[in-house]
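Just so it is clear, the structure is predicted and the values come from calculations on it, not from any experiment. Counting starts at 1 for both ligands and their atoms, in listed order.
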Amino acid sequence: MSELILGIETSCDETAAAVVEDGHVVRSNVVHSQIALHQRWRGVVPEVASRSHTERILPIVRAALADAQVTPEQLTAIAVTHRPGMIGCLLVGLAAAKALAWRYGLPLVGVDHVQAHVHTGLLADPQMPLPCLALVASGGHTAMYLLHEPARTERLGTTRDDAAGEALDKGAALLGLPYPGGPSIQNAAVSGNNKAYDLPRTMLGPDSLDFSFSGLKTALLYTLRPQGAPERAAPPEGDELRDLAASYQEAVVDILIKKMRRACEQHEVQSLCIGGGVARNTRLRERLRTDPVLSSLHLVLPDLSLCADNGAMIASLGSILFRRGEISPLDLDAIATPQAGGKAKVRR
Ligand code: KG4
Ligand code: ZN
């Protein structure tokens, strides 16, 4: 009989649930995004987010089961994000998962959200050769990992300041573009000249695999309004806006590409996978497909629905952990911070 795992995700601003069969067959993947709710604040408001999760979680779980044509009694286990994230948000998904696990006598599996992004390649392409270099780039995280084998990962580098998505969100705010910034900058950049403005690519030390985006954001600020110049009467528009958006996006993508190339020089890598909201970026995907070094690896560019936050990736890593016997107790805690050093918990 096949294994059916319900995955629940509420760590940030997506209320999500999915049913995954045998670790990689996505039977359903239902996501409710709260973007419209947070747009006027240009970022996620934790209290607003957790209240919305409370309203949505049960309908979303019901929809995931209905789409998958699965009853709770047929489930093998329930996987849920329990870290990292906003604590009030995590608690909503965790409470729902615990209640369902208790009611139906199902095992509960606590999943680390970042590790779920790192393992998305195995969900999208179960034959993906390992080790895999996994880039996780979202509004809250930007880091590179080596996925040595399922549930054994090593963090190679992380951001020292802003996340890549955060840089795009803040850059969009400076350009007068709507939140979330990644998609708005991508759209504005379509017919722009990405070489029009010379923006910095902060690489840190010559061997560093860490990221830094805060200088880029400041450079955009001073490009728009040079020091000592009077405040602009209006945000840029027309060709100036398109060129600025294209140049800014190119700088973010360039940093990500250069760091991934560096990681490949320093480590034995068979495949490359990307996850997180920024992994939806068209230009990043195009650059990966055409990069002379990176495109020679086994490239896994997951479907857009698996890049942003979703329940399928939680169910899929949940399946790996479940098979390893890593069942969580019903008093599993929600934890705001990522695992130390980003290492997945491994029991040998
Ligand atoms: O993974 P995600 O949905 O949520 C977390 O932050 O955990 O990522 C959201 C981030 C935002 O910063 C958003 O601007 C960015 O992903 N993003 C994009 C694109 N779509 C979303 N960045 C670049 N290009 C996109 N197409
Ligand atoms: Zn995420």
Indicate yes or no: at least one non-hydrogen side-chain atom of Leu272 is less than 4.5 angstrom from one of Val300.
no
Leu256 side chain reached by Phe211 side chain, heavy atoms, under 4.5 Å:
yes
Using a 6.0 Å cut-off, check whether atom [atom1] of [X] has over 12 heavy atoms from anything other than its own residue.
X      : atom1 : value
Arg56  : CZ    : no
Gln266 : CD    : yes
Gln69  : CD    : no

Around the Zn ion (ligand 2), number of protein N/O/S atoms which are nearer than 2.8 Å:
3
For Leu297 versus Val269, what's the shortest heavy-atom pair and its separation?
CD2-O, 3.3 Å
For Leu108 and Lys98, the nearest pair of non-hydrogen atoms, with its separation, is CD2-CG, 3.9 Å
Can you tell me how far CD1 of Ile5 sits from CD1 of Ile78, rounded to the nearest 0.5 angstrom?
9.5 Å
Working to the nearest 0.5 angstrom, can you tell me the gap between His117 NE2 and Asn310 CG?
7.5 Å
Write out the protein residues near ligand 1, meaning a non-hydrogen atom under 4.0 Å from one of its atoms, in order of chain and number.
Glu14, Ser138, Gly139, Gly140, Gly165, Leu168, Asp169, Pro180, Gly181, Gly182, Pro183, Gln186, Gly276, Gly277, Val278, Arg280, Asn281, Ala308, Asp309
